[in-house]
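Fair warning: this is a prediction, and the values are worked out from it, not measured in the lab. Convention: sequence-line order gives letters A, B, ...; per-chain numbering from 1.
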2 protein chains.
Amino acid sequence: MKPSVVTIEPNGHFCSDCAVRDFAVCSSLDQAELREFEHLGRRVHFGTGETVFSEEDITTSFYNLLEGVMRLYKLLPDGRRQIVGFALPGDFLGMNLSGRHNFSADAIGPVTVCQFAKAPFGRFIEDRPHLLRRINELAIRELSQARDHMVLLGRRSADEKVATFLLGWRERLFALKGLPDTVPLPMSRQDIADYLGLTIETVSRTFTKLERHGTIEIIHGGISLLDPARVEALAAA
Amino acid sequence: MKPSVVTIEPNGHFCSDCAVRDFAVCSSLDQAELREFEHLGRRVHFGTGETVFSEEDITTSFYNLLEGVMRLYKLLPDGRRQIVGFALPGDFLGMNLSGRHNFSADAIGPVTVCQFAKAPFGRFIEDRPHLLRRINELAIRELSQARDHMVLLGRRSADEKVATFLLGWRERLFALKGLPDTVPLPMSRQDIADYLGLTIETVSRTFTKLERHGTIEIIHGGISLLDPARVEALAAA
DNA sequence: AAAGCCAATTGACTCAAATCAAATTTGGCG
DNA sequence: CGCCAAATTTGATTTGAGTCAATTGGCTTT
């Protein structure tokens, strides 16, 4: 939110031992390409609540999220907010046709990104169709997720929205770091509400209701799925 | 809906005089490529209400919409439907990562598509990065639209939804065939409702309300924007 | 032109989620 | 530790959109 100090690493990082190497955009690059690629991106840190880029900003860079979680959102003129997604490590941000970002992105907690200046990155892609193909894959995956989210926003009840969110979030974390028995929720209730098209009060009430029924347990910074089958039933309905 | 007779043209069509030549995927191909491309696709007609492909179907083809309008939608197990978009001439359908369609597509009125078998099309792309780039552009454009639609579904009132829909639809038709003074609405009220995350009754009431205020006029098969500025104000809010 | 059919409209009523308003809990920090 | 500010929860009430139920209108069929 507040403009603040951003740490830029003085270099000395290698793609070859990058945590997201195997599933981010760069998974399409071979050893030789990787060494060249290394010079294009630089690691940048952002603190809690800082904005990485804003909607309507001229796109000067693309970002590969390495560590942390980001909220991606759009605002209406009167301040209503819709979170269009949460980004996790491996997600690639900033592609657009207009030359301007079409959503804003904030760090939720400390974040590390690999930042690429637009022009050199564009040149690098130019003669590397496999990288382009990888970017296309990521876009198509995003598109599919976006459509699923439209169904949630347009046609699901509050209970279903919350249940679906918990399962989907757990699933993404699972893919990233294996099955945790508790699901960390680094984002605020307001973020969850703005993601699900609800108010903060409704999200809170739904959580408490699920807890009273013994379906989940609300713990510090997250929840624990006591009865995943019950949650799945709610989400499926 | 009903499985029915689909007309397949016996050939004799040329990409070079195709109506969508300049803005569809094929806009990225040069004369020589186009002649080769011509053999990959074949024109297929669908009648009103016919399903071109269904969610979860194995993807055997991609489709380039040439004429008509299609509804793209997802269903929940209990039958609730969310229309994720309306396709117009020039739209490219069928891309996915899973090998299965992730939404269903019906013809709204008579439709002509250019159908490409998946494998040969994939092979054709292989060594033509400019075509891949074009497909990527289309995906990124769709993604941006999808995000806009999430904002509408999650954060806008019924009035705003309807106003935004009318303007957006008019805009798309405008880009296609120039400014019409009446906006044709080939889709049913139910389709509009399922697109906007509303009920048919709410859509109908909102239309009548707009008409009573002299903002629009409801005509057979469409509406006329009597006071576009008023509609824009409603949509902006 | 009457009957039948489906889509759209209109009206009366209900309800899920929003809004308004406290009360709590949590977290940061001197 | 104790205090303030922010986030979250909880409660009371309102309301926008949904549901249920006719009615209307446009076409097609006969």
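Straight-line distance from the CZ atom of A:F207 to the P atom of C:dT25: 19 Å, rounded to whole Å. Rounded to whole angstrom, the span from the CD1 atom of A:I108 across to the P atom of D:dA7 amounts to 13 Å. As rounded to whole Å, 15 Å separates atom C1' of D:dT9 from atom NZ of A:K209. Between the C1' atom of C:dC6 and the CG atom of B:D191 lies a distance of 14 Å, rounded to the nearest Å. Separating the CE atom of B:M187 from the P atom of C:dA8 is a distance of 11 Å, rounded to the nearest angstrom. In this structure, B:R189 places its CZ atom 13 Å from C1' of D:dG26, rounding to the nearest Å. Distance A:I200 CD1 to C:dA17 P: 17 Å, rounded to the nearest Å. Atoms CD (A:E211) and C1' (C:dT25) sit 14 Å apart, rounded to a whole Å.
Contact annotation: B:S204 does not reach the phosphate of C:dA8 (side-chain N/O to OP1 or OP2, under 4.0 Å). Applying the 4.0 Å criterion to OP1 and OP2 of C:dA18, one finds that A:T202 has a side-chain N or O inside that range. OP1 or OP2 of C:dT10 has at least one side-chain nitrogen or oxygen of B:T208 nearer than 4.0 Å. Phosphate proximity of D:dG25 to B:H220: absent, as no side-chain N or O sits under 4.0 Å from OP1 or OP2.
The base of C:dG11 sits with one of its N or O atoms less than 3.5 Å from a complementary donor or acceptor on the side chain of B:R205. Residue B:Q190 places no side-chain atom within donor-acceptor reach of the base of C:dC6, judged by atom type and a 3.5 Å distance cut-off alone.
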Steps toward side chain to side chain contact (heavy atoms under 4.5 Å, CB included) verdict (A:D191, A:L185): CA-CA 10 Å; A:D191 287 341; A:L185 296 176; over 6 Å; no
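A heavy-atom distance below 4.5 Å is found between the side chains of B:R43 and B:C18.
For the contact set between residues 161-168 of chain B and DNA chain D, defined by any heavy atom under 4.0 Å, there are no members.
Candidate nucleotides C:dA17, D:dG18, D:dT10 were compared by shortest atom distance to the side chain of B:L198, and D:dG18 ranks first.
For A:E160 and B:R80, the salt-bridge test passes: some basic side-chain N is under 4.0 Å from an acidic carboxylate O. A salt bridge does not link A:D181 to A:R170: none of the charged side-chain nitrogens sits closer than 4.0 Å to a carboxylate oxygen. For the pair A:E56 and A:K74, the salt-bridge criterion is not met [side-chain N within less than 4.0 Å of a carboxylate O].
Residue A:G197 is the one, among A:G197 and A:G221, whose nearest nucleotide of DNA chain C lies closer to the 5' end (criterion: closest heavy atom).
Note on ring orientation: taking the six-membered ring where Trp is involved, the planes of A:F53 and A:F103 are tilted (angle from 30° to 60°).
Residues B:F86 and B:Y195 place their aromatic rings such that the two centres sit under 6.0 Å apart.
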